[in-house]
Amino acid sequence: MKPAAAVSGAESSLRLAFVLALTISMAAAATLYQSNVSETPSESRRGNGSGDGQTQVVDEQRGTPTPLPTPRPRSQAVITAPEESADDPSSESPPLPSLGRYIYSVVGTEQGSFLGGGSRGYPSEMTMTVNRSTDDPSIRLRPDEVVFDLNFSTNHTESEVVAYRKDGIHFTSESWSISFGGTSFVNDGTYTPPMLQIPIPLDEGVEHTGTSRVEDPAGNESRTEEWTVEVQGPERIFALGVELDTWMVRIERRTRSGSQPVTRSRTYWLSPERSIWVKWQETTNISQGSGLTRSSYVSDYTATLDRIEPL
């Protein structure tokens with residue numbers, strides 16, 4: 001049997017070890033509790049969601065999960081313009097003008113010689129209808145073409161099929177019907193290649209020349225025209241009741257061969273904003289017939305856009 005003093009010392013050592021172990025366990029539990037209660041609701045109640053790709057947060061008052069949007073990954077693709085259209089201003093066709101009735105104020109005269117000749121002033125207004133239809137069954141409009149129908153009076157009408165393409169604005173066909181008494185001056189021709197009116201891009205001083213064959217509705221060549229187009233530069237003018245920024249472009253035309261010699265000079269003031277000329281000045285000389293029956297027509301006028309009416 002061990003002495004009483006030895007037993008008492010062993011029991012004291014066991015009690016001390018037990019107290020130390022209990023103290024350490026309580027301290028660890030307190031630390032864990034402290035950590036849990038200090039977390040925010042968003043951090044402590046975050047879950048994996050309901051399988052719909054969204055994160056959920058428990059509403060503290062209602063105890064229901066509230067979906068949070070999952071952030072979308074940033075795209076690594078960058079949208080850029082095609083290299084051609086970014087560097088080349090002529091890589092896209094100009095927009096078509098708005099359809100409607102363009103009312104121009106007109107100042108000028110026209111005159112004819114031989115039978116029923118004489119001189120007359122133009123009516124004060126002319127309507128140019130911009131539309132997508134034509135009475136000529138032989139003409140099928142392309143998506144980049146519109147029709148300009150010009151109505152000066154019952155004795156003078158014109159029509160132009162105008163194409164808006166990457167290299168410029170062209171006439172693909174043109175017709176006119178002008179009467180002085182018993183004399184009529186009539187034209188109905190398709191241009192091959194199309195006749196340039198406004199080049200693109202617009203650079204001051206640039207000049208373009210070309211030759212177009214004029215074919216009647218039956219496909220027969222009626223004449224050949226030579227033309228020169230020159231960009232004269234930007235100019236601010238008064239039209240539509242306001243001052244507008246325009247580009248001034250001049251085209252000179254003359255018949256090289258054919259039975260109906262035509263000389264026509266036209267100066268455009270093009271509004272790039274509206275894709276149409278808001279003013280033009282024109283001088284025309286037409287001759288037809290032969291010998292004693294030859295007749296001629298001369299016209300000189302200026303047209304300035306006054307207003308636009310919807311169709």
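Remember, predicted model here, so these are calculated numbers, not experimental data. Position 1 is the first residue of the sequence, and the numbers go up from there. Excluded from the calculations below are hydrogen atoms, water molecules and symmetry mates; all remaining heavy atoms, backbone and side chain alike, are included.
Linking ILVMFWY side-chain heavy atoms closer than 4.5 Å, directly or via other members, places I103 and W269 in two distinct hydrophobic clusters.
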Item to check | Chi angles and distances behind the salt bridge (charged side-chain N to carboxylate O under 4.0 Å, His left out) call for E160, R266 | outcome: CA-CA 14 Å; E160 302 151 353; R266 181 180 278 193; 3.6 Å; yes
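Applying the side chain to side chain contact (heavy atoms under 4.5 Å, CB included) criterion to V107, with sequence neighbours excluded, gives no partner residue. Among residues two or more places apart in sequence or in another chain, the salt bridge (Lys or Arg N to Asp or Glu O under 4.0 Å) test is passed with E252 by R250. Listed by chain and residue number, R307 satisfy the salt bridge (Lys or Arg N to Asp or Glu O under 4.0 Å) test with E125 (two or more places apart in sequence, or in another chain). Residues that satisfy the salt bridge (Lys or Arg N to Asp or Glu O under 4.0 Å) test with R165, not counting sequence neighbours, are D144, E145. By the side chain to side chain contact (heavy atoms under 4.5 Å, CB included) test, N155 pairs with R120, S153, S179, sequence neighbours left out. Partners of E225 by salt bridge (Lys or Arg N to Asp or Glu O under 4.0 Å), not counting sequence neighbours, listed by chain and number: R223, R253.
Panel note: side chain N187, backbone E174; a donor-acceptor pair is recorded below 3.5 Å. In this structure, Y102 contributes its side chain and F148 its backbone to no donor-acceptor pair below 3.5 Å. Side-chain atoms of T304 do not come within 3.5 Å of backbone N or O of K279 as any donor-acceptor pair. A donor-acceptor pair is defined here as one N or O able to donate and one able to accept, closer than 3.5 Å; no such pair exists between the side chain of D203 and the backbone of V206. Between the side chain of S275 and the main chain of P95, a donor-acceptor pair closer than 3.5 Å is present. A donor-acceptor pair under 3.5 Å links the side-chain atoms of R101 to the main chain of P310, judged by distance alone.
Counting non-hydrogen atoms of neighbouring residues, nucleotides and ligands closer than 6.0 angstrom, the CZ atom of R274 reaches no more than 12 such neighbours. Counting non-hydrogen atoms of other residues, nucleotides and ligands closer than 6.0 Å to CD of E273 gives a total of 12 or fewer.
With a 6.0 Å cutoff to the six-membered ring centre and a 45° limit on the axis angle, R264 counts as a cation-pi contact of W176.
A distance below 6.0 Å separates the ring centres of Y104 and W280. In this structure, the ring of Y191 has its center no less than 6.0 angstrom from the ring center of H170.
Note: F152 and Y122 have tilted aromatic rings, judged against thresholds of 30 and 60 degrees for the angle between ring planes. Between F180 and Y297, the two ring planes are tilted [angle within 30° to 60°].
Contact check for V130 versus I276: side-chain heavy atoms found under the 4.5 Å cut-off. Between V162 and V147, the closest side-chain pair of non-hydrogen atoms is not below 4.5 Å. For the pair V231 and P199, the minimum side-chain heavy-atom distance is below 4.5 Å.
Using a 3.5 Å distance cut-off with no hydrogens or angles, the side chains of T129 and N131 do not pair a donor with an acceptor.
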